[in-house]
Amino acid sequence: MIKLLSHLSYLELASPDVEASVRFYEEQVGLRVQSRANGKVYLRSWGDYYNYSLVIAEGAEPALNVMAWRTSNPEALDEAAKRVEDAGVTGEWIAEGHGHGRSYRFTGPWGHTMELFWDVEKYEAPEELKSIFPDRPEKRTSHAVGPRQLDHVTVASSDVRAFTEWYRDVLGFRIMAYTTLDEAPVTVFGVITTNEKSHDLGVVLDSSDRPGRVNHFAFWVDSREELLQAADVLMENGTDIEYGPSIHGVGEQSFLYFREPSGMRVEWNTGGYRNYVPDWEPGEWKPSTGSNSIYRNGAMPMSMTESFPPDPGKPTATEEGIVPGTEEAILNPYAVQGRG
């Protein structure tokens, strides 16, 4: 089996107020607008090797429109499309995208739209932004906490294990870890990856009637000190911290969550392990073992269970088939002091 996908390349998000979201990403996150086209705004981090990694499009509510991966080579693009079709999902070929060549776009079994491509425009910095370091696409940002790059996206699904197994079997993701409730054999979280990171795609359990929802996405900063400085910058500019800073047990990354003006959840992320084991067996975590917060000295706020677009009628976590008395644990398995 050839390696199909190399890495997460960009995300396209919907926002009911595009300009408010763009200002936030520029002023508080430290991204830079690279271009505007087709009614969308394309932003980049200073460490992006391609022209952009985040696209903001007009939408009635916050949502994930597209998550895009670059394949490992030209042949892998055709092979990936074939495997998706063989799995019973019909996608479409797009002759050319903004800043990249032909692509294959499909919507997976749980409603998330994914785009795959190989040919891409490499970023060429203008003279005033060129770095003295040959391997950097441009100078390190002068913003206090501008991230180096996009890191991962975490979506919502009605069946965590089936979701991870489908993306493993069809597109070659490695399954890295699961979190199962202490109270019942219900898997509430899973992480998968296309490379050596602990994950570039996560999935939380969801019982919403709205398919294709997203829980959050994350940017990478180079150090925990930068992440802590980011918390200062956000709070000094009127943005509340939703959760963190702390360290996840799963993946061992330092984290910090906050919201942008549309309501979309954003994460700062750094650290964590690298894993090159080709036959890795996913670890089995529980909330009580620190899957969410390795220190096990707090409780995750209920707001973290919200996914997007919002569904006021249903919680993020599923209640189907749950052992009586475990409903609260399913809704927020980290609500108990000492779990996260």
Side-chain angles (χ1 to χ4, degrees), residues 8 11-16 21 54-57 59-67 107-114 150-164 166-167 177-181 186-192 199-219 240-244 248 250-251 255-269 287 291-293 299-320 322 327-335 339-340:
L8 178 64
L11 300 174
E12 181 182 309
L13 304 178
S15 170
S21 292
L54 183 64
V55 185
I56 306 298
E61 51 193 350
L64 172 65
N65 290 345
V66 178
M67 49 182 181
T107 299
W110 290 271
H112 303 91
T113 298
M114 179 180 279
L150 180 66
D151 188 71
H152 68 264
V153 60
T154 293
V155 299
S157 165
S158 59
D159 190 327
V160 169
R161 290 187 183 256
F163 180 101
T164 60
W166 192 91
Y167 282 87
Y178 289 117
T179 297
T180 301
L181 288 183
V186 178
T187 302
V188 295
F189 182 58
V191 287
I192 60 178
H199 67 292
D200 46 18
L201 181 56
V203 55
V204 297
L205 193 59
D206 192 9
S207 68
S208 170
D209 294 326
R210 307 190 71 171
R213 298 209 298 164
V214 61
N215 184 267
H216 70 271
F217 74 101
F219 292 109
D240 294 331
I241 304 304
E242 186 175 18
Y243 184 38
H248 291 309
V250 172
F255 68 84
L256 172 73
Y257 294 95
F258 56 95
R259 304 285 189 102
E260 63 114 291
S262 75
M264 179 66 70
R265 181 178 298 107
V266 186
E267 180 185 6
W268 292 105
N269 191 265
S291 64
N292 196 33
S293 177
M300 188 184 81
M302 187 65 73
S303 64
M304 285 290 297
T305 67
E306 297 169 5
S307 291
F308 312 95
D311 187 352
K314 294 283 186 74
T316 294
T318 185
E319 295 176 354
E320 298 172 4
I322 297 307
E327 291 86 357
E328 287 301 316
I330 272 289
L331 182 58
N332 180 3
Y334 309 102
R339 289 191 178 182

(request) Please round to the nearest 0.5 Å and tell me the distance separating atom CG of Leu201 and atom CZ of Phe163. (result) 4.5 Å

(message) Between Asp240 and Glu242 (side chain of the first, backbone of the second, donor and acceptor by atom type, cut-off under 3.5 Å), is there such a pair?
(response) no

(message) As an exercise, state the distance from CG of Asp159 to CG of Leu205, rounded to the nearest 0.5 Å.
(response) 8.0 Å

(request) Could you go through the salt bridge (charged side-chain N to carboxylate O under 4.0 Å, His left out) check for Arg213 and Asp311 one step at a time? (result) CA-CA 10 Å; Arg213 298 209 298 164; Asp311 187 352; 5.3 Å; no

(request) Supply the atom-to-atom distance Thr179 OG1 to Phe189 CZ, rounded to the nearest 0.5 angstrom. (result) 6.5 Å

(request) Please examine the side chains of Ser307 and Val214, heavy atoms only from C-beta on, and report whether any two atoms are closer than 4.5 Å. (result) no

(request) Would you mind reporting whether Val250 and Val191 have side-chain heavy atoms less than 4.5 Å apart? (result) yes

(request) Kindly give the heavy-atom pair with the smallest separation between Asp200 and Asp151, and that separation in Å. (result) CB-O, 3.9 Å

(message) Using a 3.5 Å distance criterion without hydrogens, assess whether the side chain of His112 forms a donor-acceptor pair with backbone atoms of Ala156.
(response) yes

(message) Determine whether a donor-acceptor pair (N or O, by modelled atom type, separation under 3.5 Å) exists between the side chain of Arg265 and the backbone of Phe258.
(response) no

(message) What's the separation between atom CD1 in Ile192 and atom NE2 in His152, rounded to the nearest 0.5 Å?
(response) 12.0 Å

(request) Determine whether the aromatic ring centres of His199 and His248 lie less than 6.0 Å apart. (result) no

(message) Taking the side chain as everything from C-beta on, heavy atoms only, tell me whether Val188 gets closer than 4.5 Å to Thr180.
(response) no

(request) Would you check if Leu64 and Val155 make a side-chain contact, meaning some heavy-atom pair closer than 4.5 Å? (result) yes

(message) Centre-to-centre under 6.0 Å for Tyr257 and His216, is that the case here?
(response) yes

(message) Please tell me whether Ser262 and Ser15 have a donor and an acceptor in their side chains that are separated by less than 3.5 angstrom.
(response) no

(request) Any chance you could measure Phe308, atom CZ, to Phe217, atom CZ, to the nearest 0.5 Å? (result) 10.5 Å

(message) Within the structure provided, determine whether Ile241 and Leu256 are in side-chain contact (heavy-atom separation under 4.5 Å).
(response) yes

(request) Mind listing the closest non-hydrogen atom pair of Asn65 and Ala57 along with its distance? (result) ND2-CB, 4.0 Å

(request) For residues Met300 and Ser293, determine if any side-chain heavy atom of one lies less than 4.5 Å from a side-chain heavy atom of the other. (result) no

(message) Can you confirm whether the side chains of Thr164 and Tyr178 place a donor and an acceptor under 3.5 Å from each other?
(response) yes

(message) Taking the side chain as everything from C-beta on, heavy atoms only, tell me whether Leu8 gets closer than 4.5 Å to Leu150.
(response) yes

(message) Under the side chain to side chain contact (heavy atoms under 4.5 Å, CB included) test against Leu11, which residue among Ile56, Val55, Val153 passes?
(response) Val153

(message) Taking the side chain as everything from C-beta on, heavy atoms only, tell me whether Val266 gets closer than 4.5 Å to Phe219.
(response) yes

(message) For the CD atom of Glu12 and the OG1 atom of Thr113, what is their distance to the nearest 0.5 Å?
(response) 9.5 Å

(request) Go through the steps to decide whether Val203 and Ser157 satisfy the test side-chain contact (heavy atoms from CB on, under 4.5 Å), and finish with yes or no. (result) CA-CA 6 Å; Val203 55; Ser157 165; 3.5 Å; yes

